[in-house]
Student: 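I am attaching a structure below and will ask some questions about it afterwards.
Since the model is a prediction, treat every value here as computed from it, not as a measurement. Basis for what follows: all heavy atoms, side chains included, without hydrogens, waters or symmetry-related copies.
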Amino acid sequence: MKSRTVLVALGLCFSTSLFANDAKIDITSFRSAGLRTNAAEICGKVTGSTASGFTVAHVTVDEKSGKPGHYYTLVGKDGLFCVAVVTYKGTAIAAVEMLGQELRSEAASLTHEN
């Protein structure tokens, strides 16, 4: 009986780690609101999530500066999110927590549109 319980527990851990490896978060755009402003919009997508409740994206701008900015936004059922931010260095990352693991995006750089 104990060995069966251990096997079931190991199977659950293995399937949980497989799900966590399939899930990811990406920043799809990071655009300045204008040439003479520090305001910007950052958007992204979470894939591989089967969360039935709310998923919250944590966006950090200027992470390596002395004063990073932290923003939180809800992820839609389609996996998309956007949030307005203020940035001085023009860098950002996004993260979500799934199954007790934090998933982080690649770093993104601010783009300016004409």
Student: Which residue is it: T87, V85, T73? I am looking for the one with a side chain to side chain contact (heavy atoms under 4.5 Å, CB included) to I42.
Tutor: V85
Student: Could you grab the distance from atom CD1 of I25 to atom CZ of F81, nearest 0.5 Å is fine?
Tutor: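 If we round to the nearest 0.5 Å, I25:CD1 and F81:CZ are 4.0 Å apart.
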Student: Under 3.5 Å, is there a donor-acceptor pair between the side chain of S65 and the main chain of D62?
Tutor: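 It does hold such a pair.
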Student: Would you name the heavy atoms of T60 and H70 that are closest together and state the gap between them?
Tutor: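 Of all heavy-atom pairs spanning T60 and H70, the closest is OG1-ND1, 3.5 Å.
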Student: List the atom of L103, the atom of A23, and the distance in Å for their closest heavy-atom pair.
Tutor: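 It is CD1-CB, 3.6 Å.
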Student: Counting distance only, does the side-chain N/O of S105 pair as donor-acceptor with the main-chain N or O of A94 below 3.5 Å?
Tutor: yes
Student: Which pair of heavy atoms, one from V46 and one from S49, lies closest together, and at what distance?
Tutor: CG1-CB, 4.1 Å
Student: From T47 OG1 over to D78 CG, what is the distance, rounded to the nearest 0.5 angstrom?
Tutor: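 Rounded to the nearest 0.5 Å, the OG1-CG separation comes to 12.0 Å.
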Student: When clusters are formed by joining ILVMFWY residues with side-chain heavy atoms under 4.5 Å apart, either directly or through shared neighbours, do Y88 and V59 land in the same one?
Tutor: yes
Student: Are H112 and L35 close enough, and set up right, to give a side chain to side chain contact (heavy atoms under 4.5 Å, CB included), and what steps lead you there?
Tutor: CA-CA 7 Å; H112 297 276; L35 292 176; 4.2 Å; yes
Student: Do you know which two heavy atoms are closest between R104 and I93, and how far apart they sit?
Tutor: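 Taking every non-hydrogen atom into account, NH2-CD1, 2.8 Å.
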Student: Counting neighbours of CD on E102 that are heavy atoms of other residues, nucleotides or ligands and sit closer than 6.0 Å, is the number greater than 12?
Tutor: yes
Student: Do side-chain atoms of D22 reach the backbone of G48 as a donor and acceptor pair under 3.5 angstrom?
Tutor: no
Student: Taking all non-hydrogen atoms of both residues into account, name the closest pair between F30 and A92 and its distance.
Tutor: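 Minimum heavy-atom contact is CE2-CB, 3.7 Å.
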Student: Could you go through T55 and L74, starting from their C-alpha distance and side-chain angles, then the distance that decides it, and tell me whether this counts as side chain to side chain contact (heavy atoms under 4.5 Å, CB included)?
Tutor: CA-CA 6 Å; T55 301; L74 292 175; over 6 Å; no
Student: Closest approach of V86 and V61, non-hydrogen atoms and distance?
Tutor: O-CG2, 3.4 Å
Student: Output the distance between atom OH (Y71) and atom NE2 (H58), rounded to the nearest 0.5 Å.
Tutor: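 Y71 atom OH to H58 atom NE2 measures 10.5 Å (nearest 0.5 Å).
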